[in-house]
Participant: 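Let me give you the structure first, and then I'll get to my questions.
Starting from 1, each residue takes its place in the sequence as its number.
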Amino acid sequence: MGFRLIVPRAVYVQMLDHAFTERPLECCGLLAGRIEGERGEVAQLYRLVNELASPVEYRSSPRSMLDACRDLTAHGWDVLAVYHSHPTTAPIPSAKDRAANYSEDVVNLIVSLAEPITVAGWWLTAESYRAAEWQIAE
């Protein structure tokens with residue numbers, strides 16, 4: 001069994017709210033918490049600013065990333081996942097998503113606002129992607 005990301009329902013709702021708030025633009029953010037064995041337990045969501053203000057791609061602003069990293073470091077948390085939205089398309093990583101990947105060591109969650117609303121998790125490299133195991137915890 002591989003790594004599994006555990007996302008509390010309250011954090012999941014915050015992530016969806018972020019995607020809806022930013023629509024029609026893509027949103028982006030970080031999920032941070034602790035790694036325990038093969039599980040990553042999310043403790044905090046950080047909304048980042050998409051400095052591209054684009055409906056088809058994102059790049060987190062350096063300032064919002066710095067603020068998030070300072071806070072998560074102060075709490076002793078690790079970045080467990082990066083998330084962003086696809087306002088009108090399926091939650092499949094694009095070539096741009098793969099090329100701009102934050103790290104091959106964190107899960108990438110994509111929130112699709114196309115009907116039906118879907119969230120999918122991925123492990124990304126510049127060349128490919130594969131499904132990541134994740135779940136919503138009550």
Side-chain angles (χ1 to χ4, degrees):
M1 180 173 175
F3 182 82
R4 179 180 293 269
L5 181 69
I6 310 299
V7 180
R9 180 161 299 280
V11 172
Y12 178 78
V13 169
Q14 290 174 26
M15 189 172 59
L16 292 179
D17 179 65
H18 189 196
F20 279 110
T21 299
E22 295 297 320
R23 185 171 57 173
L25 307 177
E26 286 195 7
C27 76
C28 56
L30 300 175
L31 300 180
R34 294 197 185 345
I35 297 173
E36 298 177 13
E38 292 291 310
R39 294 167 53 107
E41 302 272 350
V42 174
Q44 181 67 41
L45 175 144
Y46 295 96
R47 289 184 180 206
L48 301 177
V49 174
N50 178 358
E51 71 177 6
L52 298 179
S54 168
V56 295
E57 66 182 316
Y58 74 96
R59 181 174 60 226
S60 59
S61 77
R63 181 67 201 189
S64 64
M65 180 65 87
L66 178 63
D67 290 344
C69 288
R70 282 182 174 158
D71 189 71
L72 68 91
T73 299
H75 285 89
W77 294 328
D78 296 307
V79 174
L80 302 177
V82 173
Y83 72 88
H84 74 281
S85 62
H86 283 184
T88 61
T89 59
I92 307 297
S94 67
K96 288 179 186 178
D97 294 339
R98 294 191 314 271
N101 185 25
Y102 173 83
S103 170
E104 293 181 14
D105 298 324
V106 301
V107 174
N108 285 263
L109 295 175
I110 301 176
V111 179
S112 170
L113 298 179
E115 292 295 330
I117 295 163
T118 309
V119 179
W122 306 98
W123 295 107
L124 302 183
T125 68
E127 298 80 30
S128 66
Y129 57 92
R130 63 182 170 84
E133 291 189 39
W134 72 284
Q135 69 185 64
I136 302 167
E138 298 303 327

Participant: Take Thr125 and Arg98 through the side-chain contact (heavy atoms from CB on, under 4.5 Å) test and state the conclusion after the steps.
Facilitator: CA-CA 6 Å; Thr125 68; Arg98 294 191 314 271; 5.8 Å; no
Participant: Which atom pair, heavy atoms only, marks the closest approach of Phe3 to Arg39?
Facilitator: CE1-C, 3.7 Å
Participant: Where do Leu45 and Met15 land on the side-chain contact (heavy atoms from CB on, under 4.5 Å) test, with the steps shown first?
Facilitator: CA-CA 8 Å; Leu45 175 144; Met15 189 172 59; 3.8 Å; yes
Participant: Kindly work out whether a path of hydrophobic side-chain contacts (I/L/V/M/F/W/Y, heavy atoms less than 4.5 Å apart) joins Val106 to Leu31.
Facilitator: no
Participant: Going only through I, L, V, M, F, W and Y residues with side-chain contacts under 4.5 Å, is there a path from Phe20 to Tyr12?
Facilitator: yes
Participant: Over all heavy atoms of both residues, which pair between Ala68 and Leu30 is shortest? Give the atoms and the distance, please.
Facilitator: CB-CD1, 4.1 Å
Participant: So how far is it from Thr88 OG1 to Glu26 CD, rounded to the nearest 0.5 Å?
Facilitator: 8.5 Å
Participant: Specify the closest pair of heavy atoms between Ile136 and Arg9, including all atoms of both residues, with the distance to one decimal.
Facilitator: CG2-CA, 3.7 Å
Participant: Please find the pair of heavy atoms, one from Ala81 and one from Leu5, that lie closest to each other, and give the distance.
Facilitator: CB-CD2, 3.8 Å
Participant: Hydrophobic clusters here meaning ILVMFWY residues chained together by side-chain heavy-atom distances under 4.5 Å, can you tell me if Tyr58 and Met65 are in one?
Facilitator: yes
Participant: About how many Å separate CD of Glu41 and CD1 of Ile6, when rounded to the nearest 0.5 Å?
Facilitator: 5.5 Å
Participant: Checking side-chain contact (heavy atoms from CB on, under 4.5 Å) for the pair Arg47/Thr21: CA distance, chi angles, key distance, verdict?
Facilitator: CA-CA 11 Å; Arg47 289 184 180 206; Thr21 299; 4.3 Å; yes
Participant: Between Trp122 and Pro91 (side chain of the first, backbone of the second, donor and acceptor by atom type, cut-off under 3.5 Å), is there such a pair?
Facilitator: yes
Participant: Quick check against the 3.5 Å criterion: does Asn50 have a side-chain atom that pairs as donor or acceptor with the backbone of Ser60?
Facilitator: no
Participant: Give a yes or no answer on whether the side chain of Asp97 reaches the backbone of Ser94 with a donor-acceptor pair at less than 3.5 Å.
Facilitator: yes
Participant: What are the two closest non-hydrogen atoms of Arg23 and Pro87, and how far apart are they?
Facilitator: CG-CB, 4.4 Å
Participant: Using side-chain heavy atoms (C-beta onward) and a distance below 4.5 Å, is Leu16 in contact with Val119?
Facilitator: yes
Participant: Are Leu72 and His75 packed together at the side-chain level, in the sense that at least one heavy-atom pair is separated by less than 4.5 angstrom?
Facilitator: no
Participant: How about Ser64 and Asp67: does a side-chain donor come under 3.5 Å of a side-chain acceptor?
Facilitator: no
Participant: Given the rule that I, L, V, M, F, W and Y join up when any side-chain heavy atoms are under 4.5 Å apart, are Leu124 and Ile92 in one cluster?
Facilitator: yes
Participant: Please report the closest heavy-atom contact between Thr73 and Cys69, naming both atoms and the distance.
Facilitator: OG1-O, 2.7 Å
Participant: For residues Val107 and Val82: do they belong to one hydrophobic cluster (side chain heavy atoms under 4.5 Å, members Ile, Leu, Val, Met, Phe, Trp, Tyr)?
Facilitator: no
Participant: Test side-chain contact (heavy atoms from CB on, under 4.5 Å) on Trp123 and Glu133; report intermediate values, then the result.
Facilitator: CA-CA 9 Å; Trp123 295 107; Glu133 291 189 39; over 6 Å; no
Participant: Kindly say whether Cys27 contributes a backbone atom to a donor-acceptor pair with the side chain of Ser85 at under 3.5 angstrom?
Facilitator: yes
Participant: Walk me through whether Arg34 and Glu36 qualify under salt bridge (charged side-chain N to carboxylate O under 4.0 Å, His left out).
Facilitator: CA-CA 6 Å; Arg34 294 197 185 345; Glu36 298 177 13; 5.9 Å; no
